[in-house]
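Presented below is the structure to which this report refers.
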Amino acid sequence: MSDRHTYHRRLLDPYRAALYKGDFAAVEAAIHQVFSDGALIQLGHPFETLPGREAYFADVLTPLQHAIPDLERRDTIVIAGPTRHGTDWMGCCGYYTGVLQHPWLDIPPTGHQVSLRFHEFYRIEDDMIVEMQAVWDIPELMIQSGVWPLVPGLGKEWHVPGPATQDGIATSAWQQDQSESSYHLVLDMVEALGRYAQGGVAAMQLDRYWHPHCNWYGPSGIGTARGIRGFRNWHQIPFLNGMPDRVGSGTEGNLFADGAYVGFTAWPGMHMTISNDGWLGIAPANQEITMRSLDFWRCEDGLIKENWVLIDLLDIYAQIGVDVFARMREFTKATYSPE
């Protein structure tokens with residue numbers, strides 16, 4: 001068991017190394033080396049489900065490298081482990097960086113270094129990647145280019161850091177005891193969050209699971225929150241006020257642990273209705289939506305100390321008929337014309 005997960009962490013090493021070096025011939029070779037021929041590749045909006053590994057390289061990575069010629073991948077978390085469904089997953093958290101010299105998805109170039117956060121999860125069978133679920137924080141790039149066309153986030157918008165302990169890229173042998181402890185801490189916390197509808201804030205018992213100095217690193221458009229109070233003020237209260245019927249739990253997706261770290265992915269992982277006062281400036285009209293939320297947690301002394309969260313906000317807007325990219329083009333057409 002442990003040897004398998006230790007090996008799985010290293011499965012993407014050639015691919016990650018090639019992207020770090022910006023060697024796109026090696027990137028293409030590594031994709032063919034580690035992704036199965038029929039791999040299911042699911043990316044956030046606007047890419048969605050791709051027809052295969054060739055499309056991922058040609059239609060996603062290559063245009064990004066054209067826009068950022070010195071493109072460099074930097075991983076901050078690399079973990080692997082089993083789910084309760086009997087599947088094996090690995091997860092990578094980090095960011096792409098370099099100078100945005102040309103437009104990408106009509107986002108204007110800045111001429112400066114930018115960062116683009118990613119959460120990428122991979123399901124592994126027979127030492128090959130057979131499924132990928134990933135969200136890139138495209139709103140983050142819009143904000144850095146000064147063209148985010150929707151409401152500002154309540155939290156702190158900044159360059160989200162890696163783990164405080166600087167040990168997110170696991171290198172030691174996979175440890176079952178610590179992994180199971182972290183797994184159950186996060187699973188119990190997620191299930192407690194689901195009791196909000198029956199017992200309100202008290203039923204969620206946040207103090208039982210979250211460190212007093214925890215950091216919740218949300219996606220751009222929501223931002224980062226510090227401590228339980230910050231988490232409640234800048235994310236949870238607006239979220240639950242606008243969508244009190246939200247349903248989702250770790251049992252419905254792919255939850256796995258590796259030492260002090262836990263990862264979660266689902267496609268989608270939650271569903272809810274936008275009601276009451278609305279959310280993120282979206283007027284409430286009882287719109288039913290689903291949500292892709294890809295998460296990493298770091299546990300410390302029996303509590304959750306850090307939580308990296310990427311939500312596919314662009315997909316949520318698309319579900320209610322708001323084309324963020326069209327609005328961005330209207331926002332910029334007086335000062336910028338795409339190449």
Closer than 3.5 angstrom, by distance alone: can the side chain of T97 be matched with the main-chain N or O of V114 as a donor-acceptor pair?
yes
Look only at the side chain of T332 and the backbone of M328, and say whether a donor-acceptor pair between them is shorter than 3.5 Å.
yes
Under 6.0 Å between ring centres: does that hold for [X] and [Y]?
X    : Y    : result
Y122 : W89  : no
Y261 : W297 : no
H119 : W308 : no
F118 : Y96  : yes

Among D258, D75, D88, which residue meets the salt bridge (Lys or Arg N to Asp or Glu O under 4.0 Å) test with R9?
D258
Is it true that atom [atom1] of [X] has more than 12 heavy atoms of other residues, nucleotides or ligands lying nearer than 6.0 Å?
X    : atom1 : result
N233 : CG    : yes
R208 : CZ    : no
W104 : CH2   : yes
R10  : CZ    : yes

Check [X] against [Y] and note the closest heavy-atom contact, atom names and distance.
X    : Y    : answer
L11  : D127 : CD1-O, 3.5 Å
F256 : G81  : CD1-N, 3.5 Å
P149 : M142 : CD-SD, 4.2 Å

Report yes if some heavy atom in the side chain of [X] is under 4.5 Å from a heavy atom in the side chain of [Y]; otherwise report no.
X    : Y    : answer
I228 : W216 : no
W267 : V135 : yes
L50  : D59  : no
I129 : S36  : no
F296 : E306 : no
W174 : H8   : no
I41  : R53  : yes
S115 : L141 : no

All side chain to side chain donor-acceptor pair (under 3.5 Å) counterparts of [X], not counting sequence neighbours:
X    : value
H45  : E48
D315 : Q319
E330 : K333
T76  : none

Donor on one side chain, acceptor on other, [X] and [Y], under 3.5 Å:
X    : Y    : answer
S293 : D295 : yes
Q133 : E131 : yes
R117 : Y217 : no
T265 : N254 : no

Carboxylate-amine/guanidinium proximity below 4.0 Å for R16 and E120
no
Residues in side chain to side chain contact (heavy atoms under 4.5 Å, CB included) with E28, at least two apart?
H32, F57
If you apply the rule side-chain hydrogen bond (donor to acceptor under 3.5 Å, both in side chains), what do you find for D137 with S220, and how did you get there?
CA-CA 7 Å; D137 197 355; S220 294; 3.2 Å; yes
Cluster check Y183, L185: I/L/V/M/F/W/Y, side chain < 4.5 angstrom
yes
Give the table of side-chain donor-acceptor pairs shorter than 3.5 Å for residues 281-288, with sequence neighbours excluded, one pair per line with atom names and distance.
from : atom 1 : to   : atom 2 : distance (Å)
Q287 : OE1    : A285 : N      : 2.9
Q287 : NE2    : A283 : O      : 3.0

Does the pair R73 and Y95 meet the rule for a side-chain hydrogen bond (donor to acceptor under 3.5 Å, both in side chains), with working shown?
CA-CA 6 Å; R73 176 186 173 116; Y95 58 98; over 6 Å; no
Can F325 and F331 be said to form a ring pair (Phe, Tyr, Trp, His ring centres under 6.0 Å), step by step?
CA-CA 9 Å; F325 292 95; F331 190 69; over 10 Å; no
Under the criterion side-chain hydrogen bond (donor to acceptor under 3.5 Å, both in side chains), I'd like the reasoning laid out for T110 against Q144: C-alpha separation, chi angles, the key distance, then a yes or no.
CA-CA 8 Å; T110 65; Q144 291 171 75; over 6 Å; no
